[in-house]
Amino acid sequence: MNTRIFPFCLSFLLSLCLPALLQAQQVTIEYAAGYGIYKMEDMKGLFKSSISSIPIRNIRVTDLFPGYITHHVKAGVTWKALHHAGLSVDYMNTAAHAAVSDYSASYASTLRMKGVRLGAFYRFALPHTAKNLLSPYLQLSTGAVFNNGKATESLTFTDSKEDSSSSSESLEGVNFFVEPAFGIKIRVLPILSLHLNAGYEFDLTQQFRYQGQSAIIGPDWSGLRVQAGVMVCLF
Amino acid sequence: MKQLIPIICVWLLWSCEYPVHDHFIEIQKPAEAVEMAVYLTADNDGERIVLSESSTLKYNLSVAGGRRIQGCIFEMGERRWEFPDQSSGYIYVDKSDFPDGEYTLSCTLYAATESGSIADQLGAESYAGSFSWPLTVTTYYPPAASLRHAINADGYLELSWDRPDIGVLPFYSYQVTGTYWGVDIRDMAQTSFVDRSYVGENRWYNALVYFENKEISYREPWSLGYIQLNEVDPVFEIDYSQEDSIRLSWDNPYKSAVNIALDYSPLVAGYKEKSIRIPYAPFGARQKPVQMTFIPYEETDRTYANGFSKWLSVVDSHGKKVSSSDYFYGIMAYHVTEDVLYVSDHDTLTSLVMPDAVVYKEKVRYNSYIKSIYASLSDLTVAVCDNNLIDLYDGKAFRNVRTVIADPQRYFTGAITLTDKGKLLCLSYNGAAGKTEGQVYDATTALFEASFELPAEIVDLSNVFITPDARYLYTSSYSAIYVVSLDEAYRVTGTKRLDMYSSGWCVNPRQTNQLFASANGKIYQFDVAAGLSPVSVWDYPGMFVANIDPATGYLLLVGQAYVAGSDYVKIIRPETNEELATIPVSGSTNYRLAGNTLMSGSGYVMNIKKQLKK
């Protein structure tokens, strides 16, 4: 399903952008740093159940897929001062971690989730504020999240005579997302603007594959997104 | 701008991966060491473990505080034994894996610290203790057999052996076993044992030393020796010197009591003395078998003992036994003039000087058995008859033998006499003619002189008496007594038949026409020359006629055999029917009287002159 929808959406957006591109007035490059909160319900359940079977007392889950810093890079074009569209690449990561350590040894189990979003965006500025210093806009993004999960487990003894051990497993998959957002553009210079926006990502699909086989669970990156960045108009 | 680049790089690197948090907990480290111990159960000499055979060693592990024992590892040489999660167990050491020599058995004991740390939870944290023991592998060889026996001061059998060198092997007991019997001795210092149940019989003894079985292995016992004791021969003495009883004494080297059976009847049981007096039996009793069974002295020692028996014979009849055999058939003859008794015992002829029956001479005749002996009333000649020949001797020294040999197809019946004219009369069976005939030989030359035929009516010739004057030949059947008269030429001149179911008869050798017969409790005297009517009749119920003493002329009457109350003889003066003596005798044998000497068919003689009424 997601493999058919994603190309359709991307093609739709690009088709919307195409007239704009033909009428583009500026090419923009934008970088924003943000913060994202992630649902990750399935992954949380998976992690907790794996920890419960460890025959070591006092293990604590110190991190359970909390929200973390995100990075966003956009490249687009603007036209008629109202429209702004383009492609975006976003990076987000989080992790779940359970561990215990004492004088004799340390045990840790970590499940790191990384997602690289590749999509398109469209911004529509409110008409009577488009040329103001502060210009609010609505934004819609869509695309794919390329998931990468890595589960590691390690047991390290303080006494080097004992053999330590570690293991890791990797999982991959692709989600399809849609993210509506609301933002404000602050024109600092004719070629330099600041952006602030907040949105919510909806992962329409969650997928993981382990050793080529589809897993029954997948990372759900759905959640609040806030970001602030700098946009530079190139020409 | 250039200053921003490193800041941007740091920012990017730091924010590209979410920093996870640690969880450290404080746990008290366990003590450096704890008390540990390994208890090993094995043969040892106090300093070293000693293995003399494949053994199973028992171990017990102990850790202070009751900490969980994770296991132990034993090592010796190239062998290794691992015991995970066991606090006790067994190590089997195969002696074939270890040649004789010195070794070190080591043990590493592991116990959990129980600190609660991660390493402890995963079994990676433990206390370790090392222990070792010196160990010697050796081979013990059982000692040479050393079981000995002797008779101790109390007269009991004492077994002894050398104390074995068992090294570190755990002594359990000595075991001494004998036929039907055994005893365990738990004191290793006791290397002897007194068997009070042994009295000298055939018995074997075996002594072993057993080792303690410590629930881990069975050790073969060692042999200390085996002996086989053969039955002893106690020394017996029979003293006939006392007139009222016989003294039987014995000497067994082992202290013992005795059961005595006389003539198969118990006499005494558990008798502890060393001699006993046995009363004499009536005259003529055959030798009695005496069974002497030796048993343990104390009754409490008799449980499993069989003892042993010895047989001997007691001549418990008064008088003197003149025949060595118990199956003497009373073949005797008395020479009046010499006062000599001639006795035959199968093939041995003996002359005994009376009245004391002292052996004068013995002569072995390598012929067939002697059937009869006849001593002449006129001279020193004595005739000895068997199947094929009759030997004639001069006197008690058996000198100057002349032999009458039976013709082929003849045999002598045993009826012989020596006449006052120096002739030998005898009966022989003529096989060719199928009849018994009388023959006459010269007693000096042993040459044949004449023969005579007997009347045809006389068939039974088993009991014949030919008178010494050759006038009569007496014989009898079941229902009659025959008197055959002979003339001087030894021809039959007449036959008289006395119908009588006699129980016995005899003829006076000095007065050959005088016949005595017994029947129905009466004694009849006949003068056959005068006729066949009895001259005298006496009442002697239960008595029968035996013989006339050729020296005194006394008549001997004998009680009926197997009749109660008839075990006696009477000596009668026939002229007056005077009873001169009544002498108890042993029944079931025949008796004769000659020269005041009572003779029994069982081979005894007794002078009864002192018992005759004066």
Q: Go through the atoms of E17(B) and report whether side chain, backbone, both or neither lie under 4.5 Å from a heavy atom of chain A.
A: both

Q. Hey, which of D102(A), V100(A), I69(A), T62(A) has the most heavy atom pairs under 4.5 Å with chain B?
A. D102(A)

(Q) Quick check for you: among P66(A), S106(A), A33(A), which has the greatest number of heavy-atom pairs under 4.5 Å with chain B? (A) P66(A)

Q.
I'd like to know if the side chain of Q121(B) and the backbone of R57(A) have a donor-acceptor N/O pair within less than 3.5 Å.
A. yes

Q. Within a reach of under 6.0 Å around NZ of K150(A), are more than 12 heavy atoms found that belong to other residues, nucleotides or ligands?
A. no

Q: Determine whether more than 12 heavy atoms belonging to other residues, nucleotides or ligands lie under 6.0 Å from atom CG of L189(A).
A: yes

(Q) Can you tell me which portion of F65(A) sits under 4.5 Å from chain B's heavy atoms? Options are side chain, backbone, both or neither. (A) neither

Q.
Counting only heavy atoms not in Y172(B) (residues, nucleotides, ligands), do more than 12 fall under 6.0 Å from its OH?
A. no

Q: Any chance you could lay out the side chain to side chain donor-acceptor pair (under 3.5 Å) test for S101(A) and H23(B), step after step, and finish with the verdict?
A: CA-CA 6 Å; S101(A) 61; H23(B) 171 53; over 6 Å; no

(Q) Looking at D187(B), I'd like to know if its CG atom is crowded, meaning that more than 12 non-hydrogen atoms belonging to other residues, nucleotides or ligands lie closer than 6.0 Å. (A) yes

Q.
Among L155(A), T110(A), T94(A), N58(A), which residue has the highest count of heavy-atom pairs closer than 4.5 Å to chain B?
A. N58(A)

Q: Using the side-chain contact (heavy atoms from CB on, under 4.5 Å) rule, take F157(A) and L122(B) through it: C-alpha gap first, then chi angles, then the decisive distance, then the call.
A: CA-CA 11 Å; F157(A) 292 99; L122(B) 298 178; 4.1 Å; yes

Q.
Surrounding CZ of F182(A) (heavy atoms of other residues, nucleotides or ligands, distance under 6.0 Å), is the total greater than 12?
A. yes

Q. Would H97(A) and D22(B) satisfy side-chain contact (heavy atoms from CB on, under 4.5 Å), going step by step from the backbone distance to the final call?
A. CA-CA 8 Å; H97(A) 182 77; D22(B) 283 333; 4.1 Å; yes

**Q.** Min side-chain heavy-atom separation S15(B)-Y91(A) under 4.5 Å
**A.** no

Q: Please state whether the side chain, the backbone, both or neither of Y103(A) comes within less than 4.5 Å of a heavy atom of chain B.
A: both

Q) Contact part of R60(A) toward chain B, heavy-atom cut-off under 4.5 Å: side chain, backbone, both or neither? A) both

Q | Interface residue of largest heavy-atom contact number with chain A, from L12(B), I25(B), I27(B), I118(B), under 4.5 Å | A | I118(B)

Q. Under 3.5 Å, side chain of S104(A) to main-chain N/O of A119(B), donor-acceptor pair present?
A. yes

Q) Can you name the closest pair of heavy atoms from A95(A) and Y18(B) and give their distance? A) CB-CD2, 3.9 Å

Q) Are there more than 12 heavy atoms of other residues, nucleotides or ligands under 6.0 Å from atom CD of E78(B)? A) no

